[in-house]
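A quick write-up on the structure given underneath.
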Amino acid sequence: MLSTLEKLNHEIEGELYYNPSDPKHQTIRMAYATDASVYQELPVAVAIPYTKGDLVKLVRFAAENRVTLIPRTAGTSLAGQVVGKGIVVDVSKYFNKIVELNVEEGWVKVEPGVIRDDLNAYLKPYGLMFGPETSTASRAMIGGMIGNNSSGLHSIVWGDTRQNLIRANVILNDSNEVVFEELTPGAYFEKLAKKGREGDIYRRLNEILTNNENIEAIESGFPKKTLTRRNTGYALDFLVNKDEPFNLCNLLAGSEGTIGIVTEAVLRLRPLPPKEIGLLCVHFDDMVECMRGNVVALEHAPEASELVDKYILDFTVGHPTYQYNRFFIEGDPQALLIVEFRANTAQEIAEKAQRLQEELIAKKLGYAYPLITGDKETNLVWDVRKAGLGLIRNLPGDSQPVNLIEDCAVSPEDLPAYVSDVQKLLQEEGVHASYYAHAGAGELHIEPFINLKSAEGKKQFRSILEKTTDLVLKYNGSLSGEHGDGRLRGEFISKVLGDKVYSLLKEVKHTFDPLGIFNANKIVDAPPMDTFLRYDKAVDGTAIPTYFDFTKDESILRLAEKCSGSGDCRKTEITGGTMCPSFMATRNEKDTTRARANMLRQFLTNSTKKNRFDHEEIKEVMDLCLSCKGCKTECPSSVDVAKMKAEFLQQYYDVNGAPVRSKLIANFTKSQQLGSMVAPVYNFFAQTPLFANIIKQIVGFAPARSLPTVSGTTLKQWVKRQSPTHTKKRVYLFCDEFTDYNDTEIGITAYKLLTALGYEVLVPPHKESGRTYLSKGFVKEAKVLANKNISLLKGLINEHTPLIGIEPSAILTFRDEYLSLVDKEQMEEALRVAKSALMIDEFLMQEVEKGNIHPEQFTSEQQVIKLHGHCYQKAFHLVGVTEKLLSLPLNYTVEVIPSGCCGMAGSFGYEKEHYDISMKVAELVLLPAVRSAAENVVIAAAGTSCRHQIKDGVGRKSYHPIEILYKALIK
């Protein structure tokens, strides 16, 4: 097979990864070994096709070599649809064009790699949208949505993908491209008369669908028509519907890539919903009662009716992001029903919500009924619902939420009884579960907590699904509502639909794909549902020695395992956010947070080496991680890859040694200290092109980068020369290594601002923050510095005398890495210091809120400011604080640039091999926003790396927020 794959590699224009002896190839194959399901199987190869011609060649290759192709987009499938021993064909990178839009007729033609939310961002100015929306809509792609027949929380009004798919171009198994579309009777008969594979398919399907015995089996075997979430097997029940024109798109939707490869799709669009939105958040003390409330809610014609249970709500408590979304919760509800209403006026919303509330109260359903309105507030509520799966992955221990019966659906009126039955079933099994999602459509995502690492857990895994299929039959429901059958539920389709219907499904598969070249063993002929699981091998993660203390996460392995595969890290700059900057630039799966966590998990579980971290594949997948900390905050499971990367690098160095450049960067402070002693000479060499280029060539820095200069007088030296000012308001200034030597003027400005505002400023004895060591993985050295700094500061820093920092990445180290670096005997002091370690912006804003600083102390002149937040500011939700502070002068207007990471990331953007990626990240949002800003607009950026990136990328000076505020101060 290797030789034939080598030949294929030379024939296609795209990329092909197949060689197990090549670390990069092996890394990419391992990254595609799993999706968002519990399954894992190493593919033979991974293809990233560049053209439609590549897809044709792949189909021919598959037919000639009897290998299956596994079409894949975002890889967020929950039933193992894109896991298998074949060639994964990832169309997400290059097949992402919006081909044509027809506003008048309300349709859009797209390639399969177009992301649903990105598409809607494009459509919004035209007043149109594509309705179906999975909770993964920020990264879910049209191809995958067709494959799974995705729907989402508004499906009771906006429908599913099948209802909104007009036409599709599909490559069949003979490598010819055909069109599936609505056919008139005449066009249908023309298809029947056509020669070749397409005609053969229509003729065989016609035989199946016109046979009365088959029709009777289909009508009796498929779920009842009142259930809109009917997604089990191939949709033969839609094709036998004589009231609808014949369209093979109905079969294509939900076929999971098993009958052909989609190259283009024409989607039906709908007008944007009414502007006003309101969410009636009904609180319940009982789950079954909540389901009865859902039946009542549906009588009031809502846009959506969604469930969130106590398990999910509890995991928002203390979460770095979702704790801010709890503002609407009253008491401690067991279940929360979020009922959405849309209207043209706020009054209409209030009236609709009031009518529902009155009926619920009359029927003694629910105990609290807050109505949330406005886009900002309602988005926060919906974000909790959409993050459900990721949030419950924070459950400690090996018993974790499992995708198993989460896609079973019954008619909404049957939900109270069905939920009661499921509760009894799970109680008998001794298993708890989380219940959430699409109550309005009759489909609850019920996630049992099962330990799949244990033999008993694997038995429960099978037993619970087997027993639940009995309940699905009892209520004439659907085994799958939107997530598909895949290799999880395929085994039980014959039980739910009947043997006769299952034989028809197999006939359909054989008709389209007699050689099994399209995603074999999904839907039909699926392997046993309890084989090829991620956790076939159990490892005690606490036995893996680490330098960081991972006790809070249970172990580094457990932290990696928290990645559910939901792919939040695959969103683009259009959706926004910080995670994951390298993926946003490269669009490569291996550069996602998910791939990094999965790679660590696989090696920490299966490595036979004494040091489980000693693998080139982990090094490969970690290479482009910018350690931005976006994943710690934006990943619902808080999978902190930056921390795990630092741990990996130290472990890797222990075995293989550290590169010279990494050592030089880690010891940046020492070099700057020496440089400051001979600043004119140092700066001459750094600023003279000839010498600077020689330095960059020797070190391995990009030629286009400018080298930092040093100050002849350090900040610490300058402060010592100042006459002390004694006031009751004392603060300690953390003189970080970057401000001390490189950005000294900013440090001086901060001192002057604080002094002018009436604060006594002292620089306490302390060491450097350790940020440069952490960024390059020298955790041992960082640990020493953390312990020393806590020892030096513990007697000085408290809520009355805080530690104030200027550089975000340095001061926030006290609140992040230090808490898992310091010795146990210092932990209590470290926590105390962390609580009072504040960014200067943060401290000043607190003083504003206390009434100690007033707008009248600043200029009344007008000024527009564009603010770029440092990644660490974003990780700690501090950009809004800086925005408020800069808005303190009465006529200052602040616009936050919706940028993610600037791309510099400390030394990352300097390094020759990373320069291009660094600039691509910057060009996503930040640099274009700066270029477009008028000359009189001030650019604000708190991070020294960010300011350097703006300087190198645009040639424009940006300012620390403190510089801007000091200039505005009336002196």
Side-chain angles (χ1 to χ4, degrees), residues 52 73-74 76 90-148 150-155 157-161 163-169 249 253 262-275 277 342 375-376 379 382-383 386 567-581 583-587 897-900 920-921 923-929 931-932:
K52 193 181 292 186
T73 51
T76 58
D90 184 353
V91 298
S92 67
K93 185 174 182 179
Y94 298 119
F95 288 78
N96 54 15
K97 299 177 186 64
I98 298 172
V99 180
E100 184 181 357
L101 170 64
N102 190 312
V103 176
E104 292 73 22
E105 296 180 15
W107 56 261
V108 65
K109 181 190 292 185
V110 300
E111 292 181 332
V114 170
I115 294 174
R116 186 268 184 186
D117 278 1
D118 290 1
L119 171 62
N120 277 351
Y122 169 83
L123 294 171
K124 188 175 181 180
Y126 301 97
L128 296 170
M129 66 177 292
F130 177 60
E133 47 159 356
T134 66
S135 61
T136 59
S138 64
R139 59 272 188 200
M141 298 175 181
I142 299 304
M145 294 182 72
I146 293 171
N148 282 352
S150 300
S151 43
L153 61 88
H154 289 98
S155 69
V157 176
W158 298 353
D160 57 20
T161 303
Q163 292 170 277
N164 293 278
L165 180 61
I166 299 173
R167 186 166 67 249
N169 288 30
C249 284
V262 176
T263 60
E264 285 183 350
V266 176
L267 309 173
R268 182 175 290 109
L269 304 178
R270 58 180 290 116
L272 290 172
K275 189 174 182 180
I277 181 174
R342 292 259 186 181
D375 287 341
K376 183 178 180 180
N379 282 339
W382 277 138
D383 283 348
K386 292 178 179 179
D568 300 65
C569 44
R570 285 185 60 100
K571 64 185 184 299
T572 71
E573 74 281 0
I574 297 172
T575 300
T578 303
M579 178 181 74
C580 175
F583 171 76
M584 289 183 185
T586 69
R587 301 295 175 92
I897 299 172
S899 51
K920 282 183 180 179
V921 172
E923 291 290 356
L924 293 171
V925 177
L926 175 59
L927 296 188
R931 285 192 196 97
S932 65

* Using a 4.5 Å cut-off on heavy atoms from C-beta on, say whether the side chain of Met141 contacts that of Arg570. => yes
* Structure fact -> CD1 of Ile897 to CG of Leu926, rounded to nearest 0.5 Å, is 5.5 Å
* Minimum heavy-atom separation for Glu133 to Met145, with atom names? -> N-CE, 4.4 Å
* **Asn148 CG to Thr134 OG1 distance, which is reported to the nearest 0.5 Å** => 9.5 Å
* To do: Show your working on side-chain contact (heavy atoms from CB on, under 4.5 Å) between Glu111 and Tyr94 and close with a plain yes or no.
  => CA-CA 9 Å; Glu111 292 181 332; Tyr94 298 119; over 6 Å; no
* To do: Taking Arg342 for its side chain and Pro274 for its backbone only, find out whether a donor-acceptor pair lies under 3.5 Å.
  => yes
* Structure fact -> Nearest heavy-atom approach of Cys569 to Phe583 is O-CD2, 3.6 Å
* Hey, could you give me the CG/CG distance between Asn120 and Leu272, rounded to the nearest 0.5 Å? => 8.0 Å
* Counting distance only, does the side-chain N/O of Asn164 pair as donor-acceptor with the main-chain N or O of Leu269 below 3.5 Å? -> no
* Applying salt bridge (Lys or Arg N to Asp or Glu O under 4.0 Å), run through Glu923 and Arg931 and close with a yes or a no. => CA-CA 10 Å; Glu923 291 290 356; Arg931 285 192 196 97; 2.6 Å; yes
* To do: Run the numbers on Ile277 and Asp375 for side-chain contact (heavy atoms from CB on, under 4.5 Å), then give the verdict.
  => CA-CA 7 Å; Ile277 181 174; Asp375 287 341; 3.6 Å; yes
* Asked: Does Asp568 reach the main-chain N or O of Met579 with its side chain, forming a donor-acceptor pair under 3.5 Å?
  -> no
* Would you mind reporting whether Leu153 and Trp382 have side-chain heavy atoms less than 4.5 Å apart? => yes
* Asked: Looking only at heavy atoms, what is the nearest atom pair of Ile115 and Ser138, with distance?
  -> CG2-O, 3.4 Å
* **Distance in Å, Phe95 CZ paired with Asp90 CG, rounded so as to fall on 0.5 Å steps** => 10.5 Å
* To do: Would you indicate whether the side-chain heavy atoms of Leu119 and Leu267 approach each other to under 4.5 Å?
  => yes
* Asked: Taking the inter-plane angle between the rings of Tyr126 and Tyr122 on a 0 to 90° scale, is it parallel (under 30°), tilted (30 to 60°) or perpendicular (over 60°)?
  -> tilted
* To do: Quick one: closest heavy-atom pair of Val921 and Ala585, and the distance?
  => CG2-CB, 3.8 Å
* Asked: Would a distance-only check, ignoring hydrogens and angles, find a side-chain to backbone donor-acceptor pair under 3.5 Å from Ser92 to Ala74?
  -> no
* Any side-chain heavy atom of Val925 within less than 4.5 Å of one from Pro898? -> yes
* Criterion side chain to side chain donor-acceptor pair (under 3.5 Å) on Asp118 and Thr572, from CA distance to verdict -> CA-CA 8 Å; Asp118 290 1; Thr572 71; 2.8 Å; yes
* Asked: From Met584 CE over to Leu924 CG, what is the distance, rounded to the nearest 0.5 angstrom?
  -> 7.5 Å
* Distance (rounded to the nearest 0.5 Å) between Asn96 CG and Ile142 CD1 -> 12.0 Å
* Asked: Given side chains that start at C-beta, do those of Met129 and Lys124 come closer than 4.5 Å, heavy atoms only?
  -> no
